[in-house]
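Have a look at the structure below, then the notes.
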Number of protein chains: 2
Amino acid sequence: MAAKDPLVITDKEEMRKWSRAMRSQGKLIGLVPTMGFLHQGHLSLVSQAHKHSNVVVVSIYVNPGQFSPTEDLSTYPSDFDGDIKKLMSVPGGVDVVFHPYNLYDYENQSKNGVGDGDGVVMSCIEKSGTGHETWVRVEKLEKGLCGNSRPVFFRGVATVVTKLFNIVEPDVTVFGKKDYQQWRIIQRMVRDLDFSIKVIGVEVSRENDGLAMSSRNVHLSPEERAKALSINKSLLRAKSAANDGQIQCEKLRNLVIQCITNAGGKIDYAEIVDQNSLEKVESIKGPVVFCVAAWFGKVRLIDNMEINL
Amino acid sequence: MAAKDPLVITDKEEMRKWSRAMRSQGKLIGLVPTMGFLHQGHLSLVSQAHKHSNVVVVSIYVNPGQFSPTEDLSTYPSDFDGDIKKLMSVPGGVDVVFHPYNLYDYENQSKNGVGDGDGVVMSCIEKSGTGHETWVRVEKLEKGLCGNSRPVFFRGVATVVTKLFNIVEPDVTVFGKKDYQQWRIIQRMVRDLDFSIKVIGVEVSRENDGLAMSSRNVHLSPEERAKALSINKSLLRAKSAANDGQIQCEKLRNLVIQCITNAGGKIDYAEIVDQNSLEKVESIKGPVVFCVAAWFGKVRLIDNMEINL
């Protein structure tokens, strides 16, 4: 199938106008929100979007609202031209790439309006001077797991996704289950705020050696990358142990923590939680997911594995 | 103009379907959110909605999400049949009355699903067992004024209005400036979350003797009602003093507090704040609004007056 050239839209009003024109033609709109620097995992989300909609919008926007000032916003990788090429390689391509400059600056939507006036993207919305002060919080699900070490992260994710929903007005949206907590939060938010949007979750895409795909993998040295394989390996081992009857989460956690630590990783968390509530469980009695975050050098990686006994 | 019979819709999906059908015909949809027990103030919002849209939806829903368990949810007055008649008396009537049973029960949308299963509307969402946990917060504007004595109030308002926006999908919404803080919060929320909705603010409607119209006025005894006139009287006096050169807010506040207290009212707050930020000011240098909340017996009333020197 010939790849088509996507329309690149940077303006919010233009984006909404496009979507409304599509809707008035009876077309179902799919939205894949991304922060760019796309990999095969993102492209699998686009493929899923095609299955559930007639036209596909991919948003590329590194959301300052989900980074704390101490986090890696300024070093978050980007490659817009490369992203467009990759999107064109997906069967069916994409219809629109929505690439806004700054979704928190209400006075100035142009490129010059990015960040705090000197062309640098702001890393802390509160300090941006734009007066943005509305936040969507999914109060229980945002706590625990990544919420512990990244207290403003899910507040920022839920808020920017709400903004994107209100700008793109999609019928379907697609999220990767690699960001498991994020996926559950968006599902819950869509239900609780009565968005008329179907949320599709897509399985984790992995490299051939099992490493979960992530835009941050590019920051790993070859040595760190080799060590990082311990995450997926240990999760597979834990799943296998659970299938063999080990349902005590303390044992399974120790297995994973030891394996990653021995490989040279530094555990942020390794928790077995209920798939829906994301509450910790002591022993596996229903569908759970084993969620891990660990540092390899300066790179924090996350991964997870559902266990359905 | 002959009043038309409004279509009463209780189901979320049916409501959205109606709105989308209207939009596909090129019609602008106006939404007036209310908690029912309508008075002339509400009807003036409906008239404004007609000016800015082609079809008008009035929602009637007493939102448990904005009441704390100790507040007056269970005694909040209602008169659905009377409301319909009043709406029919407005020139042009209304097209739809959206009257959902319970916007926080995701399993059961029927009347039997109201509240916690025994037919009683829940007064605290957290205890409802529906798992609702997503809240929209306008973090600065929600503090101060009514936010001090009613800490969950604006969280509940912003959230239910977001839900109504997502269900009704209006182009225009109309709020009364009697609830000044609420109006500013909704304006800010619409901007910050990129809703494509125009927010119209309508001046306070007053009885002939100056009392601001409120559904809660029905709870006032004749004596309390007479005393409550001190709110508007004192605000008018303060405005007049300001026009005469008294720009020290402490003096103006004392004037109002004394007048209401002398009449037998109990002040909750009496503050002069910036019209946009709602931050307290010490002297009047720009557009401000004098906001008052006071108790008369068991009834808490609010009122306000803009001062533009």
Side-chain angles (χ1 to χ4, degrees), chain A residues 12-13 15-17 19-21 23-26 65 98 100 103-107 109 125-126 130-143 152 154-155 158-169 171 184-197 276-278, chain B residues 12-13 15-17 19-21 23-26 65 100 103-107 109 125-126 128 130-143 152 154-155 158-169 171 184-197 276-278:
Chain A
K12 293 194 278 194
E13 296 308 322
M15 182 67 245
R16 191 182 284 117
K17 202 174 154 191
S19 281
R20 292 198 173 184
R23 170 161 294 150
S24 73
Q25 292 170 33
F98 178 51
L103 288 179
Y104 298 89
D105 188 344
Y106 304 95
E107 302 302 317
Q109 296 286 311
I125 299 302
E126 276 84 352
T130 63
H132 179 95
E133 56 168 298
T134 308
W135 299 99
V136 178
R137 306 199 74 144
V138 183
E139 295 192 348
K140 286 182 189 165
L141 289 174
E142 74 172 22
K143 293 188 174 70
V152 303
F154 290 115
R155 182 189 78 156
T159 302
V160 83
V161 171
T162 295
K163 287 163 77 73
L164 290 168
F165 284 174
N166 284 341
I167 295 165
V168 179
E169 299 184 341
D171 301 286
R184 287 301 192 193
I185 282 173
I186 299 302
Q187 274 189 322
R188 179 57 58 98
M189 179 186 91
V190 162
R191 187 199 75 162
D192 285 0
L193 297 184
D194 289 305
F195 280 104
S196 177
I197 298 171
N276 286 296
S277 71
L278 303 186
Chain B
K12 294 195 277 195
E13 295 308 321
M15 182 67 246
R16 190 181 285 116
K17 200 174 157 192
S19 282
R20 293 198 173 183
R23 170 160 293 150
S24 74
Q25 293 170 32
L103 289 179
Y104 298 89
D105 187 345
Y106 303 95
E107 302 301 318
Q109 296 287 310
I125 299 301
E126 275 83 353
S128 69
T130 64
H132 179 96
E133 57 168 296
T134 308
W135 299 99
V136 179
R137 307 199 75 144
V138 184
E139 295 192 350
K140 286 182 189 165
L141 289 175
E142 74 172 22
K143 294 188 174 72
V152 304
F154 290 116
R155 181 188 81 157
T159 302
V160 83
V161 171
T162 295
K163 288 162 77 73
L164 289 168
F165 284 174
N166 285 340
I167 294 166
V168 178
E169 299 183 342
D171 301 286
R184 288 299 192 194
I185 282 173
I186 298 302
Q187 274 189 323
R188 179 58 57 99
M189 178 185 91
V190 162
R191 187 199 77 162
D192 286 359
L193 297 184
D194 289 306
F195 280 104
S196 177
I197 299 171
N276 287 294
S277 70
L278 303 186

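Bear in mind that the values here come from a model prediction, so they are computed numbers and not experimental data. Basis for what follows: all heavy atoms, side chains included, without hydrogens, waters or symmetry-related copies. In what follows, every chain begins at residue 1, and chains take the letters A, B, ... in the order their sequences are listed.
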#### Entry: Part of A:Leu164 lying under 4.5 Å from any heavy atom of chain B
neither
### Message
Once rounded to the nearest 0.5 Å, what's the spacing between atom CZ of A:Phe195 and atom NZ of B:Lys163?
### Response
11.0 Å
### Query
Taking only residues two or more places apart in sequence, or in another chain, which ones meet B:Arg188 in a salt bridge (Lys or Arg N to Asp or Glu O under 4.0 Å)?
A:Glu133
### Message
Quick check for you: among A:Val136, A:Thr162, A:Leu141, A:Leu193, which has the greatest number of heavy-atom pairs under 4.5 Å with chain B?
### Response
A:Leu193
### For A:Arg137, all residues meeting salt bridge (Lys or Arg N to Asp or Glu O under 4.0 Å), sequence neighbours excluded
A:Glu142
### Message
I'd like to check A:Arg20 versus B:Ser196 (side-chain heavy atoms, cut-off strictly below 4.5 Å). Are they in contact?
### Response
yes
### Task
Using a cut-off of under 4.5 Å on heavy-atom pairs, state which of B:Ile197, B:Ile167, B:Ile185 scores highest against chain A.
B:Ile167
### Query
Measuring heavy-atom distances to chain A, does B:Ser24 have an atom under 4.5 Å in its side chain, in its backbone, in both, or in neither?
neither
